[in-house]
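Only one structure is covered here, and it is reproduced in the block below.
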Amino acid sequence: MQIAFFNTKSYDKTYFNQSTFLKNHQITYFEVPLNLQTAKLAEGFDGVCVFVNDVLDEATLKKLAGIGVKIIALRCAGFNNVDLEAAHRLSLPVVRVPAYSPESVAEHAVALILTLNRKTHRAYNRVREGNFSIEHLTGFNLFNKTIGVIGTGLIGASFCKIMLGFGCKVLAYDIQENPSLVAEGVSYTSLRELFAQTDVLSLHCPLIPATTHLINAETISQMKPGVMIINTSRGGLVDTKAAIEGLKTGQIGYLGIDVYEQEANLFFKDHADNVIQDDVIARLISFPNVLVTGHLGFFTQEALEEIAHITLQNLTEFEEHIPLTNQVKLPK
Ligand code: NAD
C-alpha cells in the first residue's frame with residue numbers, strides 16, 4: 001500500500017524503515033501535520049498514518065475520502081483527535097495501536113513522581129554549578145503513602161503494580177474494575193473517596209466527554225492539601241486554569257504533566273527562538289513544583305518498535321481483507 005505519513009520525525013523514519021513488517025508498503029514521509037490544509041498531500045495514497053495531534057475532524061476526513069484515501073492508521077493508542085462518527089459515515093476504517101508498551105508510560109509517570117518529589121532536576125543543576133547545598137530539596141518517602149489511580153487499563157495497571165512495589169497503598173477508580181489488581185492489593189473506591197485519601201494522584205483514563213476536566217476547581221477542593229497530581233494520559237483531563245489556582249494556594253503541592261490541553265500548537269517542536277504565546281503553559285512552567293515533559297511517556301525503544309510493527313500489521317490486514325484486529329469502533 002502507498003501510505004502518506006504525516007507529522008514525521010526522524011525517529012518515525014528510523015523505526016518504520018527498519019521494521020520487518022514493512023513488507024510491500026511504501027511510505028512517503030511528510031513533516032507537516034495533517035489538517036484540512038495539508039490533507040491534499042494524501043492524493044494518490046491508499047492510507048494516511050497520523051499521530052496524537054493530527055487533526056481528523058469531519059472536514060479533513062471528507063477531504064481524505066474524496067481524494068481516495070481508504071484507511072486512517074493512528075500510530076498511537078489514543079483516538080480523541082478523530083471524529084469517529086464522520087469516519088464511520090465516510091466508510092473510512094480507523095485503526096490504532098492499543099497496546100505497545102504500557103510500561104513505557106507507567107514508568108514515565110513514576111519518573112515524574114520521583115523527580116518532583118526528590119527534586120533530582122534541581123539537584124543536578126546545582127551540582128553542575130558547584131553548589132552542593134541540599135537546602136529546600138527535602139522530599140518525602142513514597143513508602144506507606146496513598147496513591148490514587150484513575151483508569152486501571154493497561155497503563156494504569158502497570159503503574160499500580162510499580163507503586164505496590166514501592167510499598168504504597170494503592171486506591172483506584174475505573175468504570176470497570178480489574179479483579180487481578182484487587183488480588184494484588186489494589187482497592188477500588190469511589191472518586192470522592194479516592195480524592196479525599198490520595199497523596200499522589202495519577203491519571204490513566206482516556207479523554208472522553210465523561211472525563212473531560214475531571215480535575216477541576218471542585219474536584220481539586222476535595223483533595224488532600226498539598227496533593228501531587230500526575231497526568232500522562234491526555235491534557236483535557238485537567239482544567240489547567242483550575243490547576244494553576246490550586247498551585248497558587250498550595251492545595252496542589254506538585255504537578256507533573258506529560259500532556260497539556262493546548263499541546264497541539266506547542267509540543268514536538270523546538271520553540272527555543274520564539275516567544276511562547278501561550279500564557280497558561282508559560283505560567284505553569286514558572287512554578288518550582290511543576291514539571292512539564294512534552295508528551296514523551298511513550299518514547300522508549302521498545303515502544304517505538306512495537307508502534308511500527310503493529311501499525312504496519314494493521315495496514316497489512318486491511319490490504320489482505322483480513323478482519324481488522326485494532327479497528328476503533330464507534331462508541332455505542
Ligand atoms: P486502556 O484503554 O487500556 O485503559 C483505559 C482505562 O480507563 C480502562 O480501564 C477504562 O475502563 C478506563 N475508563 C474509561 N472511562 C473511564 C472513566 N469515565 N473513569 C475512569 N476510568 C475510565 O488505555 P491505556 O493503554 O491504559 O491508556 C490510557 C491513556 O493513556 C490513553 O487513553 C491515552 O490517552 C494515554 N496515553 C498516553 C501516552 C503518552 O505518551 N503520554 C501514551 C499512550 C497512551
Side-chain angles (χ1 to χ4, degrees), residues 7 9 11-12 50-54 74-82 84 94 96-113 148-163 170-182 186 188-195 198 201-216 219 229-238 256-261 263-264 266-268 291-307 310-311 326-329 331-332:
N7 238 329
K9 305 288 180 212
Y11 46 85
D12 293 312
V50 294
F51 196 49
V52 291
N53 292 323
D54 289 295
L74 300 168
R75 52 181 192 279
C76 54
F79 47 86
N80 51 285
N81 53 334
V82 187
L84 287 179
V94 178
R96 66 173 182 136
V97 187
Y100 39 91
S101 171
E103 294 77 20
S104 63
V105 186
E107 289 174 15
H108 189 70
V110 179
L112 292 177
I113 295 172
V149 184
I150 302 184
T152 52
L154 293 165
I155 296 171
S158 170
F159 176 79
C160 286
K161 288 177 199 166
I162 299 173
M163 298 325 290
V170 180
L171 295 181
Y173 173 78
D174 196 307
I175 50 168
Q176 204 172 352
E177 297 188 5
N178 176 344
S180 71
L181 286 179
V182 176
V186 172
Y188 281 92
T189 185
S190 66
L191 264 186
R192 182 118 204 170
E193 196 57 30
L194 183 142
F195 287 143
T198 287
L201 175 65
S202 197
L203 307 176
H204 299 290
C205 56
L207 178 64
I208 49 176
T211 60
T212 300
H213 286 187
L214 182 67
I215 305 305
N216 55 46
T219 52
I229 301 178
I230 302 295
N231 186 10
T232 54
S233 193
R234 282 291 180 269
L237 297 178
V238 177
I257 56 170
D258 187 46
V259 287
Y260 167 59
E261 214 172 352
E263 70 178 52
L266 213 53
F267 282 17
F268 304 110
L291 185 58
V292 181
T293 55
H295 208 138
L296 50 81
F298 74 101
F299 204 50
T300 65
Q301 294 167 11
E302 292 81 357
L304 288 169
E305 271 169 20
E306 274 302 290
I307 288 171
I310 297 169
T311 304
N326 296 317
Q327 182 164 11
V328 185
K329 299 267 159 50
K332 289 200 178 96

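In each ligand, atom 1 is the first atom listed, and ligand 1 is the first ligand listed. Just so you know, these numbers use all the heavy atoms, side chains as well, and skip hydrogens, waters and symmetry mates. Predicted, not measured: the structure shown is a model, and the values here were computed from it.
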The one among Leu237, Asp174, Val259 that brings a heavy atom closest to atom 9 (O) of ligand 1: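 Shortest heavy-atom distance from atom 9 (O) of ligand 1: Asp174.
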
Heavy-atom proximity to atom 20 (C) of ligand 1, best of Phe79, Phe298, Phe299, Tyr173: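 When every heavy atom of Phe79, Phe298, Phe299, Tyr173 is considered, Tyr173 comes closest to atom 20 (C) of ligand 1.
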
Sub-4.0 Å atoms of ligand 1 with respect to non-hydrogen atoms of Val105: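 Once the distances to Val105 are compared, the set is 38 (C), 42 (C), 43 (C).
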
Atoms of ligand 1, numbered as shown, that sit under 4.0 Å from any heavy atom of Arg234: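 What qualifies from ligand 1 is 33 (C), 34 (O), 35 (C), 36 (N), 37 (C).
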
Geometric class of the Phe268/His295 ring pair [parallel <30°, tilted 30-60°, perpendicular >60°]: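 His295 and Phe268: tilted rings.
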
Ring geometry between His204 and Phe159 (parallel below 30°, tilted from 30 to 60°, perpendicular above 60°):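 Rings of Phe159 and His204: tilted, 30 to 60°.
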
Asn81 side-chain N/O to Phe51 backbone N/O, donor-acceptor pair under 3.5 Å: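 Side chain of Asn81 to backbone of Phe51, a donor-acceptor pair under 3.5 Å: yes, one is there.
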
Any donor-acceptor N/O pair, Thr219 side chain to Asn216 backbone, under 3.5 Å: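 Yes; at least one donor-acceptor contact below 3.5 Å.
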
CG on Asp174 to CG on Leu191, rounded to 0.5 Å: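 With rounding to 0.5 Å, CG (Leu191) is 10.0 Å from CG (Asp174).
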
Ligand 1 contact on [X] by region, counting heavy-atom pairs under 4.0 Å:
X: Thr211; value: side chain
X: Tyr100; value: side chain
X: Leu154; value: both

